[in-house]
Amino acid sequence: MITMKNIIREGNDTLRAEAKKATFPLTDEQLQLAHDMMEFLENSQDPKIAEKYHLRAGVGLAAPQVDVSLQMASVLVPGPEGEAPLFKDTIVNPVIISHSVQGAALSEGEGCLSVDRDVPGYVVRHDRITLRYYDIDGNQHKIRLKNYPAIVCQHEIDHLHGILFYDHIDHEHPFTMENEDLVIE
Ligand code: NB4
Ligand code: NI
């Protein structure tokens with residue numbers, strides 16, 4: 001199973017590299033990785049398991065974070081208590097094919113499992129995106145996401161291109177935002 005030991009931290013060049021596109025069918029090793037990444041997210045969101053294995057909670061994990069420079073990321077955005085997740089899939093070769101002009105940022109800023117420090121500030125992203133991606137079986141999906149799940153997917157897609165969340169922060173004015181942009185609680 002993936003634990004924090006398997007997650008590389010800032011300073012490791014893999015986090016700054018452009019990850020390679022996957023080709024289908026995925027190898028057994030790549031399928032195993034997809035399984036392990038989603039299992040990490042499930043474990044990290046289970047308070048008992050997270051405590052036992054010292055996992056930081058996560059709603060996304062990208063392959064480069066476990067030192068695999070491949071365009072694949074798992075996303076698990078929980079829904080309201082007792083309801084289905086808002087978004088759960090392992091996205092392969094994802095591309096944002098269109099997006100809103102309106103921006104959005106999480107009110108608390110962002111954190112990253114590969115960054116062991118708090119970097120305060122709004123990370124302004126697109127509020128709405130149309131995402132094309134492949135699932136692990138090679139089926140193409142084209143979906144519209146907004147608000148929180150859209151932000152999470154953009155954070156993960158950034159990892160596939162060597163971008164970290166704080167690259168987007170205006171460190172001089174970390175909590176200044178355009179009036180038109182949305183703050184997501
Ligand atoms: C990815 C996110 C950072 C901002 C927003 C949030 C958490 C991450 C990083 C956007 C994407 C991981 C991947 C959380 C979290 C809310 C939901 C459900 C129950 C606890 C969990 C806590 F843990 N970010 N961590 N950071 N990353 N919300 N939640 N809760 O997930 O580095 O590249 O379990
Ligand atoms: Ni991250």
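Quantities reported herein were computed from a predicted structural model and do not represent experimental measurements.
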Return the CG to CG distance between L76 and L86, rounded to the nearest 0.5 Å. 10.0 Å

Can you name the residues that form a side chain to side chain contact (heavy atoms under 4.5 Å, CB included) with I8, not counting sequence neighbours? N12, T14, L15, D67

Got L131 and I157 here, is their nearest side-chain heavy-atom distance under 4.5 Å? yes

Salt bridge (Lys or Arg N to Asp or Glu O under 4.0 Å) partners of residues 86-102, not counting sequence neighbours, each pair once: E42-K88

Classify the ring geometry of Y166 against H171: parallel below 30°, tilted from 30° to 60°, perpendicular beyond 60°. tilted

Residues passing the salt bridge (Lys or Arg N to Asp or Glu O under 4.0 Å) test with E108, sequence neighbours excluded, are none

Does any non-hydrogen side-chain atom of M72 lie less than 4.5 Å from one of M37? yes

Those residues at least two apart in sequence (or on a different chain) that pass side chain to side chain contact (heavy atoms under 4.5 Å, CB included) with E51 are none

With a 4.5 Å limit on heavy-atom distance, are the side chains of R132 and T130 in contact? no

In chain order, what residues pass the ring pair (Phe, Tyr, Trp, His ring centres under 6.0 Å) check against F165, with sequence neighbours excluded? none

For A104, what residues pass the side chain to side chain contact (heavy atoms under 4.5 Å, CB included) criterion, not counting sequence neighbours? D127, I151, L182, I184

From the list I96, V75, V77, side-chain contact (heavy atoms from CB on, under 4.5 Å) with C153 holds only for V75

Could you name each residue pair satisfying salt bridge (Lys or Arg N to Asp or Glu O under 4.0 Å) that touches residues 142-170, not counting sequence neighbours? R16-D167, R125-D158

Residues which pass side chain to side chain contact (heavy atoms under 4.5 Å, CB included) with S107, listed by chain and number, not counting sequence neighbours: V183, E185

Is any side-chain heavy atom of I136 closer than 4.5 Å to a side-chain heavy atom of L31? yes

Going by the rule ring pair (Phe, Tyr, Trp, His ring centres under 6.0 Å), which residues pair with H126 if we only count those two or more places apart in sequence or in a different chain? H99

Contacts satisfying ring pair (Phe, Tyr, Trp, His ring centres under 6.0 Å) that involve residues 8-53 (not counting sequence neighbours) are F24-Y134

4.5 Å side-chain heavy-atom contact, Q71 and E18: yes

Sorted by first residue and then second, give each salt bridge (Lys or Arg N to Asp or Glu O under 4.0 Å) pair with at least one member in residues 21-32; sequence neighbours left out. none

Got a sec, which hydrophobics cluster with I163, joining ILVMFWY side chains under 4.5 Å apart, including via others? none

